Amino acid sequence: MNLTAVVLAAGSGQRVGSDIPKQFLSLGGRPMLHRSLAAFEQAGEVDSVIVALPASENAASPELDGFPKLVARVPGGDTRQASLAQALAHLPEATDTVMVHDAARPLLDRRLVRDLLAALDEGCDGVIPATPLEDTIKKVSDQRLVEQEVDRRGIWRVQTPQLFRRAALEDSLTRAIESGMQSTDCSQMLTAAGYRVRVIEGDPLNFKVTRAPDLWLAERVLASRPEEGE
Ligand code: CTP
Ligand code: MG
């Protein structure tokens, strides 16, 4: 297997509401993006890394020189899917397996990388981590009245990193573009194209930093963790 990790960091982080995109905010003393890059650097199964950055970002910035597995820094697009397409266009020839990760999930653990790889077998073309929903779920109207109870059995919250066979991911992306589908989740493209995607238990602490309170929470989780390999 030859594995490339694609780190999507080309968003603008509107919902966090900071001056700079959230992936460049300091988290535990280093930019949030560096947390994901460091995790893949330390994961022996990962051969190379590609990062998609905002077009406005200086890709030559020496800040990223400390990650030897980084083989390409590409300008992202207007949507997550467009950023993914830009990154996939730079995959090394030898790559046969791709792990796609959001820079907005800085608490990713090496164990999750291993679990995903262990679950990729003949019966599937992709593996994603997810956590079962534990809260009561309701459909709420625009007027904020409870409209309907939703049965939460079988409903999972999906995370990244997500692991795919390269051919299946590239084929699914081509089909998504052809059919005008825009997806914020890669595995959605695969299932739409008829591929099988396996689900493994994700890590509840691998949450996405979406709004300001998530940053506060991520700081505290990091403070409670011993730093690995630093
Ligand atoms: N992303 C990207 N290119 C885009 C949009 C998003 O690479 N055009 C990346 C983000 O950098 C992030 C991940 O996709 O790591 C998940 O997106 P999200 O959490 O929605 O981040 P943003 O789009 O940056 O935030 P917001 O939606 O609040 O503006
Ligand atoms: Mg977004």
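Remember, predicted model here, so these are calculated numbers, not experimental data. Just so you know, ligand 1 is whichever comes first in the structure, and atom 1 is the first atom listed for that ligand.
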Query raised in the report: Are Asp203 and Arg110 within salt-bridge range, i.e. N to O under 4.0 Å?
Result: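 A salt bridge is absent here (no side-chain N lies under 4.0 Å from a carboxylate O).
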Query - Ion pair Lys69/Glu41, N-O distance below 4.0 Å - result: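 Result for this pair is no, no salt bridge flagged.
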Requested in this report: Please check atom 29 (O) of ligand 1 for a protein heavy-atom neighbour under 4.0 Å.
Outcome: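 Looking at atom 29 (O) of ligand 1, one finds that a protein heavy atom does lie closer than 4.0 Å.
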Students should be able to answer this: which protein heavy-atom is nearest to [atom], and at what distance?
atom	value
atom 7 (O) of ligand 1	Ala10 N, 2.9 Å
atom 25 (O) of ligand 1	Gly13 CA, 3.4 Å
atom 17 (O) of ligand 1	Lys208 NZ, 4.5 Å
atom 21 (O) of ligand 1	Lys22 NZ, 3.2 Å

Can you sort out which atoms of ligand 1 are near [X], meaning under 4.0 Å from one of its heavy atoms?
X	value
Asp102	13 (C), 14 (O), 15 (O), 16 (C)
Gln14	25 (O), 26 (P), 28 (O), 29 (O)
Ser12	24 (O)

**Report entry** Residue that, paired with Ser183, satisfies side-chain hydrogen bond (donor to acceptor under 3.5 Å, both in side chains) out of Arg80, Gln81, Gln188
**Finding:**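 For Ser183, the side-chain hydrogen bond (donor to acceptor under 3.5 Å, both in side chains) check succeeds only for Gln188.
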Report task. Check the surroundings of atom CG in Asp121: do more than 12 heavy atoms from other residues, nucleotides or ligands lie under 6.0 Å from it? Result ->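 Yes, the 6.0 Å shell around CG holds more than 12 heavy atoms from other groups.
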Query raised in the report: For atom CG of Asp151, is the number of surrounding heavy atoms from other residues, nucleotides or ligands below 6.0 Å larger than 12?
Result: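 More than 12 within 6.0 Å, yes.
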Find the distance between [atom1] ([X]) and [atom2] ([Y]) and round it off to the nearest 0.5 Å.
X	Y	atom1	atom2	value
Lys208	Leu107	NZ	CG	13.0 Å
Gln159	Ile200	CD	CD1	9.0 Å
Arg153	Leu133	CZ	CG	13.5 Å

Query raised in the report: Should one rank Arg80, Arg15, Arg211 by closest heavy-atom distance to atom 20 (O) of ligand 1, which comes out on top?
Result: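 Looking at heavy atoms only, Arg15 sits closest to atom 20 (O) of ligand 1.
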For ligand 1, is [X] a contact, meaning one of its heavy atoms is under 4.0 Å away?
X	answer
Gly77	yes
Thr210	no
Pro21	no
Arg105	no

Hey, is [X] touching ligand 1 through its side chain, its backbone, both or neither, going by heavy atoms under 4.0 Å?
X	value
Ser83	side chain
Thr79	backbone
Asp78	backbone

Query - Non-hydrogen atoms of Phe207 and Asp214 that approach each other most closely - result: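 Closest approach of Phe207 to Asp214, heavy atoms only: CE1-O, 3.6 Å.
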Are any of the N or O atoms of [X] closer than 3.5 Å to those of ligand 1?
X	result
Ala103	yes
Leu8	yes
Gly11	yes

So [Y] and [X], do their side chains get closer than 4.5 Å, heavy atoms only?
X	Y	answer
Val51	Phe67	no
Asp47	Met1	no
Val100	Leu169	yes

